[in-house]
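Scroll down for the structure; my scribbles are underneath it.
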Number of protein chains: 2
Amino acid sequence: MTLRLSASDSDFEDRFSALVEARRGADEDVARDVAAIIADVKARGDAAVADYTKRFDGFDLVEGGWQVAKQRSCMALDGLDPALQEALALAAQRIAAYHEAQRPADSDTTDNAGVRMGARWSAVETAGLYVPGGRAVYPSSLLMNAIPARVAGVERIVMVTPARGGQVDPLILAAAEIAGIDEIYVIGGAQAIAALAFGTGTIPRADVIVGPGNAWVAEAKRQLYGTVGIDMVAGPSEILVIADGNNDPDWIAADLLSQAEHDPTSQSILFTDDAAFADTVAEALEAQLSGLATGETARVSWETNGAIILVETLEDAIPLSNRLAPEHLELAVADPEALFAQVKHAGSVFLGRTTPEAVGDYVGGPNHVLPTGRRARFSSGLSVLDFMKRTSFLQCGDAALEAIGPAAVALAEAEGLPAHAKSVAMRLPQR
Amino acid sequence: MTLRLSASDSDFEDRFSALVEARRGADEDVARDVAAIIADVKARGDAAVADYTKRFDGFDLVEGGWQVAKQRSCMALDGLDPALQEALALAAQRIAAYHEAQRPADSDTTDNAGVRMGARWSAVETAGLYVPGGRAVYPSSLLMNAIPARVAGVERIVMVTPARGGQVDPLILAAAEIAGIDEIYVIGGAQAIAALAFGTGTIPRADVIVGPGNAWVAEAKRQLYGTVGIDMVAGPSEILVIADGNNDPDWIAADLLSQAEHDPTSQSILFTDDAAFADTVAEALEAQLSGLATGETARVSWETNGAIILVETLEDAIPLSNRLAPEHLELAVADPEALFAQVKHAGSVFLGRTTPEAVGDYVGGPNHVLPTGRRARFSSGLSVLDFMKRTSFLQCGDAALEAIGPAAVALAEAEGLPAHAKSVAMRLPQR
């Protein structure tokens, strides 16, 4: 049964805390299996990748080939329904426009002491892009991951995706073509992540690996963080809707279901100040569920992880939302700005009654790869910065070194690092 | 014996590749011990932390108290040698000035379709700052970690540091006072990192944990990445010096030793185009080593991990440097700008003969917490951004949703996500 809470309940704090602390979809056994796969790929390279691909994907890389021929993507795009072609192109163009504005500025200044300092941003050389196989075919995710890399100026984007019977879904290939990806390998799972992290005879080593995946993929990225850069530790998706009683309950029910239909571990939470509205949303949701092709998944998600929480005023919902730090936050109210001003922790916010979260999943512009599992407390959605790094620099002439060097010598000596002190002191005028 | 290579050697590529791929200071046994400590602290909280502190630090938290009284820091600063007080204050002021310029700008735009979108940056609420105990007393690191958090606007900075006999070094307390840190707990090791990641009865939960530490501390941060934000996966320190024959060999020798004296696993590498200069640097280094208080450590580092590499021209050194992606890169040449333009991967660059790396360790301004172990390929030094996160937002009015919504509906249907499609389609005018 879907959780129903009211902020006026005497046990509200305990029950809400339990909701905040709940861990969805955790599986500690996966870690051991993934560690073994990583070690094997590190040691045996291509041979290990081919073995796992045969075992897990039922595909023989040696016979079937590792790479998707470039013309296959081109043909897939040509063969696509024109309305879908246009939709993908619009999405790509809007995502690119939003992310162009994220390109960071270099700095180069000289201060009063004559010390020149600054920072220069540059793109990583190679980005690895994981695209899940299986039933989930999400060209939108491909665009959301690949386009920021392109905008950052990454020279080489290497895509990996598990192929059922050696076939990659045409919709994925079409999106890859739109994103300008020329290099696609039909491998998946933890073995694909390990291959990208270390490089093998066939698979180039990536500097950064991004993209969603199942529990094995996510765990492999987590374990290889530090060997390679990763986008984030991802968990099940979630939405938090704050809605007053003046919304169409059908709209809000659809919004809650749009998250629930992703996965049984997804989470949809409604905050409202109107008890009657809460009831009508629950009824509308039930009615929509029965006609939904994804209804089975959505029902499990809604009944297991969903919640309707009654608050006295909508302002009361904001500190509770900040504790949940949701991936997606909808403010379905007449004046969303006032509530938004109090939002501290959220991945992405959707303002007003006519901004359903799903429009942002596809064509809004901002990235849909967002921190989950309360991680919006400390992390951000995917951006151009995830594909770039900053090199700082410093330049002292004689006068500048004379101005600040003695302090460095004093501190180095106090820290018991005489060679540090000496390397500065030797360059100062002798006194 | 220190490695000597020449780019003209027939086996150069093999031997240089080995240098690039070498892993220094790795210890896979540590991971298991750390995992056990983390699980125990998660389960038992304060009691586990107190047990490990008694066992590893020989300090009884229950008797001796968990926290350092505020007035102790104040007194430590007052009692400090005035020259050191001034040096710390200069360092703090310069670090703050450099990092102020890193504060990111928010964005808020409305495009031709009438879609409003943007991003808002905000600071994490609580930052955990690890300060190592033991022989290494580095107030400079405390400033480099704490000041960016302050500049970011972090409300609560919680410092942890293991205390020998319950005492924290006065130099550390003085630096904490200058950095404005009011909350210091005398705990360390993996148990301190775990306590900050989960929160315990006594230790507040941090959103981000930063600061250097030994192998246990580094591994605990790595394992808890995702539960909490961390600065980076840190490894042994390194310097790469590119120097022509017109440098004072004593200066360059001191620069190489300033890295070597940190730790036996540190790495110092000299690239030069002048074989005679290489020899005089090696001799100068030997001469300095014998008189150095840190000579024992520096000698092990230099002989085990150091290298002198002869290249035909200094330009030839740059692609090799890019493969090493050094933490620190000194360009000790007359025109450093020309070489710097070709540098792709480096944590921080020091331009010209009178900019020793050590001045940047203390008072330059840029952060000295930098990516090591080839990680400058994909990551950056510590910055204000490590203590902030970005919340994106989107707002569609009726007309804007009508402009972009149909594409979202088409893509959602193609992805087999009918509730996504429905949540948008319901809000569009009926056709």
Side-chain angles (χ1 to χ4, degrees), chain A residues 83-84 87 90 117 124 138 140 207-208 225-226 229 233 251 254-255 257-258 261 292-293 346 348-352 354-356 358-360 362-366 377-381 389-396 398 401 404-405 407-408 410-411 414-415 418-420 422-424 426-427, chain B residues 83-84 87 90 117 124 138 140 207-208 222 225-226 229 233 251 254-255 257-258 261 292-293 346 348-352 354-356 358-360 362-366 377-381 389-396 398 401 404 407-408 410-411 414-415 418-420 422-424 426-427:
Chain A
L84 265 183
L90 179 73
M117 62 192 120
V124 303
Y138 296 154
S140 60
D207 300 306
V208 169
Y225 165 72
V233 173
W251 294 7
D255 297 350
L257 285 173
S258 75
E261 73 177 343
L292 206 63
S348 199
V349 180
F350 303 85
L351 301 164
T354 50
T355 313
V359 79
Y362 296 105
V363 292
R377 290 182 293 118
F378 57 82
S379 65
S380 311
K389 66 270 181 340
R390 195 188 332 97
T391 297
S392 59
F393 61 88
L394 189 69
Q395 186 166 23
C396 296
D398 288 329
L401 193 66
I404 67 171
L411 288 166
E415 290 189 353
H420 281 67
K422 203 165 177 174
S423 75
V424 179
M426 278 179 163
R427 288 162 161 108
Chain B
L84 265 182
L90 179 73
M117 62 192 121
V124 302
Y138 295 156
S140 60
D207 300 306
V208 170
R222 201 192 64 78
Y225 165 71
V233 174
W251 293 8
D255 297 350
L257 285 173
S258 77
E261 74 177 342
L292 206 62
S348 198
V349 180
F350 302 84
L351 301 163
T354 49
T355 314
V359 78
Y362 295 106
V363 291
R377 291 182 293 117
F378 57 82
S379 65
S380 311
K389 64 268 181 345
R390 194 188 333 95
T391 297
S392 59
F393 61 88
L394 189 69
Q395 185 165 25
C396 295
D398 288 330
L401 192 67
I404 67 171
L411 289 166
E415 291 190 351
H420 281 67
K422 202 165 178 174
S423 74
V424 179
M426 279 177 162
R427 288 165 162 106

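Proteins come first, then strands; the chains are lettered A, B, ... in the order of their sequence lines, and each starts at number 1.
- Per-residue counts of heavy-atom pairs under 4.5 Å with chain B were compared for A:S380, A:G352, A:G405; the largest is that of A:S380.
- Looking at A:L90, only its side chain comes within 4.5 Å of chain B, counting heavy atoms on both sides.
- Of all non-hydrogen atoms in A:A358 and B:S423, the two that sit nearest each other are CB-OG, 3.4 Å.
- Contact count versus chain B (heavy atoms, under 4.5 Å) is highest, among A:C396, A:A87, A:A410, for A:C396.
- By the 4.5 Å heavy-atom criterion applied to side chains, B:F393 and B:M117 are not counted as neighbours.
- Between A:Y225 and B:Y225, the angle of the ring planes stays under 30°, which puts this pair in the parallel group of the 30/60° scheme.
- Chain B forms the most heavy-atom pairs under 4.5 Å with one residue out of A:Q395, A:R390, A:M426, A:E261, and that residue is A:E261.
- Checking side-chain atoms of B:T355 against main-chain N and O of B:F350 turns up no donor-acceptor pair under 3.5 Å.
- Residue with the most contacts toward chain A among B:A83, B:G226, B:A414: B:G226 (heavy-atom pairs, distance under 4.5 Å).
- Only the backbone of A:S379 comes within less than 4.5 Å of a heavy atom of chain B; no side-chain atom from C-beta onward does.
- Chain B forms more heavy-atom pairs under 4.5 Å with one residue of A:G364, A:A407, A:S348 than with any other, namely A:S348.
- Residues B:V359 and A:I404 form a side-chain contact, since some pair of their non-hydrogen atoms from C-beta on lies under 4.5 Å apart.
- Between B:K422 atom NZ and A:L292 atom CG the span is 6.5 Å, to the nearest 0.5 Å.
- When B:L257, B:D255, B:V208, B:V233 are compared by the number of non-hydrogen pairs under 4.5 Å with chain A, B:D255 comes out ahead.
- Among the candidates A:V424, A:V363, A:V124, A:L411, the residue making the largest number of heavy-atom pairs closer than 4.5 Å to chain B is A:L411.
- With a 4.5 Å cut-off on non-hydrogen atoms, A:L401 touches chain B through its side chain but not through its backbone.
- Nearest heavy-atom pair across B:F378 and A:K389 is C-CB, 4.0 Å.
- Looking only at heavy-atom pairs under 4.5 Å with chain B, the residue among A:G365, A:G360, A:G381, A:A293 that has the most is A:G381.
- Within the 4.5 Å cutoff, the side chain of A:L351 has no heavy atoms near those of the B:L394 side chain.
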